[in-house]
K.L.:
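Here you go, one structure.
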Amino acid sequence: MNRLEHVNLVAVDIDATCLFIQTAFPDWKIRGQGENDWYGSKRRWMHIGTDDWYLTLNAGNSDDNRDLRGNSPGLAHIGFVVDNVEKITERLTKGRYQIATLGADHPYRKTVYFVDPSGFEFEFIQYLSETVHEKNMYGGETSLITRFI
């Protein structure tokens, strides 16, 4: 079996990114944290997730993350399949996070995107069908996506 175990991110503020993640996923926990040596520099790290997989957050500097509106190489977004997009959206907006993008209306999925305080974009997708060809249907949108950033 092959599966993704973790994604490693260098964040401007790992505590702020952790708060964003735990607002979206209140059941996620900090699995471990500490400090390590990164090519001669001390760097704080944190693993946040479930017992099976997680996000690694590493302290960075104050440089801006990749411009999400540009075409520069780098991470575009991280996508999570969720049971209920509305509940995630409600928790995040109550936590004062703003929607970055609303996905186009589609017969078999709902999507919403948020950008965390370190500039990482997170997509939350809810599939409305378990049928493979419907879940993976490209096209069929009845509206355009709406971008707020």
Side-chain angles (χ1 to χ4, degrees), residues 1-104 106 108-128 130 132 135-139 141 144-149:
M1 171 178 91
N2 297 311
R3 66 179 175 85
L4 181 66
E5 183 200 35
H6 70 275
V7 173
N8 190 321
L9 303 172
V10 177
V12 172
D13 183 340
I14 66 175
D15 294 316
T17 295
C18 177
L19 179 60
F20 172 86
I21 292 165
Q22 287 186 309
T23 301
F25 302 122
D27 57 323
W28 282 22
K29 62 185 177 197
I30 297 171
R31 295 172 29 144
Q33 59 184 320
E35 191 175 272
N36 63 9
D37 181 75
W38 185 256
Y39 294 96
S41 295
K42 294 289 183 198
R43 182 166 81 170
R44 185 171 162 233
W45 62 270
M46 177 187 299
H47 290 181
I48 180 171
T50 70
D51 291 334
D52 296 316
W53 78 278
Y54 57 95
L55 296 176
T56 300
L57 305 179
N58 295 279
N61 60 29
S62 61
D63 290 347
D64 289 338
N65 207 332
R66 175 187 172 279
D67 181 358
L68 297 173
R69 296 168 292 173
N71 292 312
S72 298
L75 180 70
H77 67 263
I78 302 169
F80 291 94
V81 175
V82 298
D83 293 330
N84 190 315
V85 163
E86 284 83 14
K87 284 185 181 179
I88 298 262
T89 301
E90 182 181 333
R91 282 195 301 271
L92 288 170
T93 55
K94 278 185 179 178
R96 300 188 187 262
Y97 301 103
Q98 295 181 340
I99 295 172
T101 302
L102 283 175
H106 192 280
Y108 303 114
R109 64 181 166 266
K110 297 178 186 179
T111 57
V112 64
Y113 299 73
F114 287 82
V115 177
D116 89 305
S118 288
F120 294 110
E121 187 169 47
F122 290 80
E123 174 187 10
F124 302 100
I125 184 165
Q126 177 184 350
Y127 289 106
L128 306 175
E130 292 300 318
V132 173
K135 281 176 57 172
N136 297 330
M137 180 178 141
Y138 297 97
E141 291 82 6
L144 298 175
I145 62 172
T146 304
R147 297 193 193 279
F148 299 103
I149 62 164

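If you're wondering where the values come from, they're calculated on a predicted model, not measured in any experiment.
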K.L.:
Among residues two or more places apart or on two chains, list those pairs meeting salt bridge (charged side-chain N to carboxylate O under 4.0 Å, His left out) that have a residue in residues 69-79.
P.N.:
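Only Asp67-Arg69 qualify under salt bridge (charged side-chain N to carboxylate O under 4.0 Å, His left out).
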
K.L.:
Looking at residues at least two apart in the chain, or sitting in another chain, which of them share a side chain to side chain contact (heavy atoms under 4.5 Å, CB included) with Phe148?
P.N.:
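By the side chain to side chain contact (heavy atoms under 4.5 Å, CB included) rule, Phe148 matches Ile99, Leu102, Thr146.
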
K.L.:
Just to verify, what does Arg91 make a side-chain hydrogen bond (donor to acceptor under 3.5 Å, both in side chains) with, not counting sequence neighbours?
P.N.:
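With neighbours one apart ignored, the set is empty.
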
K.L.:
The criterion is side-chain hydrogen bond (donor to acceptor under 3.5 Å, both in side chains); which residues satisfy it with Lys29, sequence neighbours excluded?
P.N.:
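Listed in chain order: Asp51.
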
K.L.:
Between Gln126 and Ile88, is there a side-chain heavy-atom distance shorter than 4.5 Å?
P.N.:
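They are not in side-chain contact.
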
K.L.:
Using atom types as modelled, flag every donor-acceptor pair under 3.5 Å from a side chain in residues 2-10 to any protein atom, sequence neighbours excluded.
P.N.:
residue, atom, partner, partner atom, Å
Arg3, NH1, Asp52, O, 3.0
His6, ND1, Tyr54, OH, 3.4
Asn8, OD1, Asn58, ND2, 2.5

K.L.:
Mind checking what makes side-chain hydrogen bond (donor to acceptor under 3.5 Å, both in side chains) contact with Ser118, not counting sequence neighbours?
P.N.:
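In terms of side-chain hydrogen bond (donor to acceptor under 3.5 Å, both in side chains), with neighbours along the sequence ignored, Ser118 is linked to Thr17.
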
K.L.:
What residues form a ring pair (Phe, Tyr, Trp, His ring centres under 6.0 Å) with Phe114, not counting sequence neighbours?
P.N.:
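With neighbours one apart ignored, the set is empty.
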
K.L.:
Donor-acceptor pairs are to be reported for all side-chain atoms of residues 33-40 against protein atoms at under 3.5 Å, with residues two or more places apart or in another chain.
P.N.:
residue, atom, partner, partner atom, Å
Asp37, OD2, Gly40, N, 3.3

K.L.:
For Phe20, which residues count as a ring pair (Phe, Tyr, Trp, His ring centres under 6.0 Å) partner, sequence neighbours excluded?
P.N.:
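Partners of Phe20 by the ring pair (Phe, Tyr, Trp, His ring centres under 6.0 Å) criterion, ordered by chain and then number, come out as Tyr97, Phe122.
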
K.L.:
State whether the side chain of Arg109 and the backbone N or O of Ile125 hold a donor-acceptor pair below 3.5 Å, judged by distance alone.
P.N.:
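The answer is no, because no donor-acceptor pair under 3.5 Å joins these two groups.
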
K.L.:
Under 3.5 Å, which donor-acceptor pairs link side chains of residues 74-85 to any protein atom two or more places apart or in another chain?
P.N.:
residue, atom, partner, partner atom, Å
His77, NE2, Glu123, OE1, 3.0
Asn84, OD1, Glu86, N, 3.0
Asn84, OD1, Lys87, N, 2.9

K.L.:
Please examine the side chains of Thr50 and Trp28, heavy atoms only from C-beta on, and report whether any two atoms are closer than 4.5 Å.
P.N.:
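Of all side-chain heavy-atom pairs linking Thr50 with Trp28, at least one is under 4.5 Å.
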
K.L.:
Given side chains that start at C-beta, do those of Tyr113 and Ile149 come closer than 4.5 Å, heavy atoms only?
P.N.:
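Not touching, per the 4.5 Å side-chain cut-off.
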
K.L.:
Taking only residues two or more places apart in sequence, or in another chain, which ones meet Gln22 in a side chain to side chain contact (heavy atoms under 4.5 Å, CB included)?
P.N.:
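Gln22 satisfies side chain to side chain contact (heavy atoms under 4.5 Å, CB included) with Cys18, Ile30, Ile48 only.
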
K.L.:
Could I get the full list of side-chain hydrogen bond (donor to acceptor under 3.5 Å, both in side chains) partners for Asn61, not counting sequence neighbours?
P.N.:
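So Asn61 forms a side-chain hydrogen bond (donor to acceptor under 3.5 Å, both in side chains) with Asp63.
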
